[in-house]
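These notes concern the structure reproduced below.
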Amino acid sequence: MGCNSLQEIAEKSPLVGIARLAAQSPLLRERAEVEYFRLEARSTLNRQSNGRRPFAWTINPYRGCEFGCQYCYARYTHEFMEMWDSRDFERKIYAKSDAADLLRAELRHGRDKGLPIALGTATDPYQPAEKQFEITRRILEVFADFQGLDLSITTKSVLLLRDLDLHRALARKHRFSIHMTVTTIDERLARLLEPKAPTPAQRLEAVRKLDQAGVRVGVNVMPILPGLNDAPRMLEALAARAAEAGACGLYANVLFLMPSAMKHFMPFLEKEFPQLVNRYHRLYARSAYLSGEYPEKISKFMAGLRVRYGLNGTRPEPLAAACHPQMTLPFCSGSV
Ligand code: SF4
């Protein structure tokens with residue numbers, strides 16, 4: 001469906017707010033399976049509460065994410081735009097082209113600059129669209145004109161190496177860190193879970209390059225999915241690889257599964273891991289968040305790995321989660 005169809009929808013239905021903006025968004029580019037639109041943003045810094053830190057700022061240069069991770073909970077954000085097919089999240093990408101200009105104005109007005117600013121909390125700031133639109137890069141250029149901020153970037157993408165010059169500059173001027181999400185080092189499993197994201201080996205190589213460039217970088221094992229990437233030997237192997245690559249921290253968070261994410265994830269599970277379907281239904285029957293024995297066990301195990309592999313980074317835990325959205329909602333008891 002192209003731009004015209006969306007405009008027709010806008011004319012026929014009483015869309016409001018972000019749904020209306022999205023319906024009016026001009027098409028920027030079209031590829032076989034993906035359409036890119038220009039979205040008019042009202043602001044770049046969004047104030048967030050995640051329950052652990054009372055307030056902080058988040059920035060998401062794009063709505064939607066082409067990486068298409070099966071567990072991604074942020075798919076619900078397309079529902080705000082009246083898009084109910086969960087796959088639209090990875091097929092209709094909205095680029096906030098004015099984000100850098102808006103940010104400059106917002107920073108000049110001094111919006112509580114002491115609070116942490118996390119880039120990439122709902123969608124990946126270095127997803128494929130960034131290669132063409134360079135919105136994240138322009139945002140970083142704005143930050144490079146300021147100093148003394150608390151900044152972090154969370155991504156699964158190796159495209160971030162394009163901006164190594166800026167990362168180094170930001171590391172000199174701000175409290176700055178990057179959080180690379182690596183959910184498993186099992187390449188086959190990663191391909192199933194995160195079909196269009198760079199391979200774990202590529203991501204760990206990016207960690208190495210960031211560390212060599214003097215940029216603080218941690219590894220986010222997020223989300224941990226029961227029965228899929230939670231085997232102790234797999235987690236230990238991942239911790240060892242992260243440490244060897246130069247990561248300074250290791251963070252983890254157990255999957256939470258909201259109804260919108262479940263709608264996409266459960267059919268995937270039925271197809272690829274049918275033996276786990278009943279377990280997931282049982283685990284997530286009453287709540288999107290796991291509590292009790294399982295997250296506690298994971299938490300303890302990860303704490304042990306951090307000590308064993310020297311991954312107790314002095315920086316605080318990342319505001320943005322590896323599966324970016326996992327920590328933007330009220331922090332759950334499954335977090336570790
Ligand atoms: S989990 Fe992150 S990288 Fe994966 S689709 Fe969602 S936003 Fe993109």
Side-chain angles (χ1 to χ4, degrees), residues 33-36 39 46 48 50 58-81 83 85-96 99 118-131 133 135-136 152-160 178-184 189-200 202-204 206-207 218-225 228-229 251-265 267-269 288 318-329 332 334-335:
E33 290 182 342
V34 190
E35 293 170 306
Y36 303 93
L39 185 68
N46 303 301
Q48 289 274 341
N50 69 7
T58 61
I59 298 178
N60 290 291
Y62 301 94
R63 280 184 90 104
C65 182
E66 204 176 325
F67 283 153
C69 304
Q70 308 291 358
Y71 50 74
C72 180
Y73 104 112
R75 289 175 193 276
Y76 83 93
T77 56
H78 264 43
E79 293 180 356
F80 293 152
M81 303 193 292
M83 293 177 197
D85 183 335
S86 65
R87 288 166 305 173
D88 280 343
F89 180 78
E90 58 203 72
R91 298 188 303 205
K92 294 184 190 302
I93 310 296
Y94 290 80
K96 301 177 189 172
L119 194 62
T121 53
T123 59
D124 200 307
Y126 282 107
Q127 60 177 284
E130 172 63 12
K131 198 168 179 184
F133 301 118
I135 300 172
T136 297
S152 66
I153 299 175
T154 299
T155 183
K156 286 188 177 91
S157 177
V158 296
L159 176 61
L160 92 167
I178 289 178
H179 304 278
M180 179 63 77
T181 301
V182 188
T183 51
T184 177
L189 179 60
R191 188 49 64 225
L192 286 173
L193 290 172
E194 301 151 353
K196 293 189 187 165
T199 66
Q202 289 171 320
R203 290 181 232 172
L204 287 165
V207 168
V219 166
N220 287 357
V221 193
M222 301 182 191
I224 289 190
L225 303 111
L228 286 174
N229 64 343
Y251 314 96
N253 204 16
V254 172
L255 174 75
F256 74 90
L257 211 46
M258 293 170 71
S260 54
M262 204 174 241
K263 202 169 75 181
H264 188 89
F265 185 72
F268 159 77
L269 213 56
L319 179 68
C323 166
H324 318 273
Q326 298 279 357
M327 288 165 74
T328 60
L329 291 181
C332 63
S335 63

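By convention here, the first residue in the shown sequence is residue 1. For ligands, and for the atoms within them, numbers begin at 1 and follow the listed sequence.
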What's the verdict on ring-ring contact (aromatic ring centres under 6.0 Å, His included) for Tyr36 and Phe133, showing C-alpha distance, side-chain angles and the deciding distance? CA-CA 10 Å; Tyr36 303 93; Phe133 301 118; 5.7 Å; yes
Which word best sums up how the rings of Phe265 and Phe268 line up, parallel for under 30°, tilted for 30 to 60°, or perpendicular for over 60°? tilted
Side chains of Asp124 and Thr155: is there a donor and an acceptor less than 3.5 Å apart? yes
Side chain, backbone, both or neither: which applies to Ala122 and ligand 1 if a contact is any heavy-atom pair less than 4.0 Å apart? backbone
Show me which atoms of ligand 1 lie under 4.0 Å from any heavy atom of Gly68. 5 (S)
Do any heavy atoms of Ala74 fall under 4.0 Å from ligand 1? no
When you check the side-chain N and O atoms of Ser157 and Gln127, is any donor under 3.5 Å from an acceptor? no
List in chain and number order the residues that pass ring pair (Phe, Tyr, Trp, His ring centres under 6.0 Å) with Tyr126, two or more places apart in sequence or in another chain; answer none if no residue qualifies. none
Using a 4.0 Å cutoff against the non-hydrogen atoms of Cys69, which atoms of ligand 1 qualify? 1 (S), 3 (S), 4 (Fe), 5 (S)
Enumerate the atoms of ligand 1 whose separation from the nearest heavy atom of Cys72 is less than 4.0 angstrom. 1 (S), 5 (S), 6 (Fe), 7 (S)
Per-atom filter on ligand 1: closer than 4.0 angstrom to a heavy atom of Cys65 are 3 (S), 5 (S), 7 (S), 8 (Fe)
Sequence neighbours left out, what pairs pass salt bridge (Lys or Arg N to Asp or Glu O under 4.0 Å) with at least one residue falling in residues 253-264? Glu79-Lys263
Atoms in ligand 1 with a heavy atom of Phe67 nearer than 4.0 Å: 3 (S)
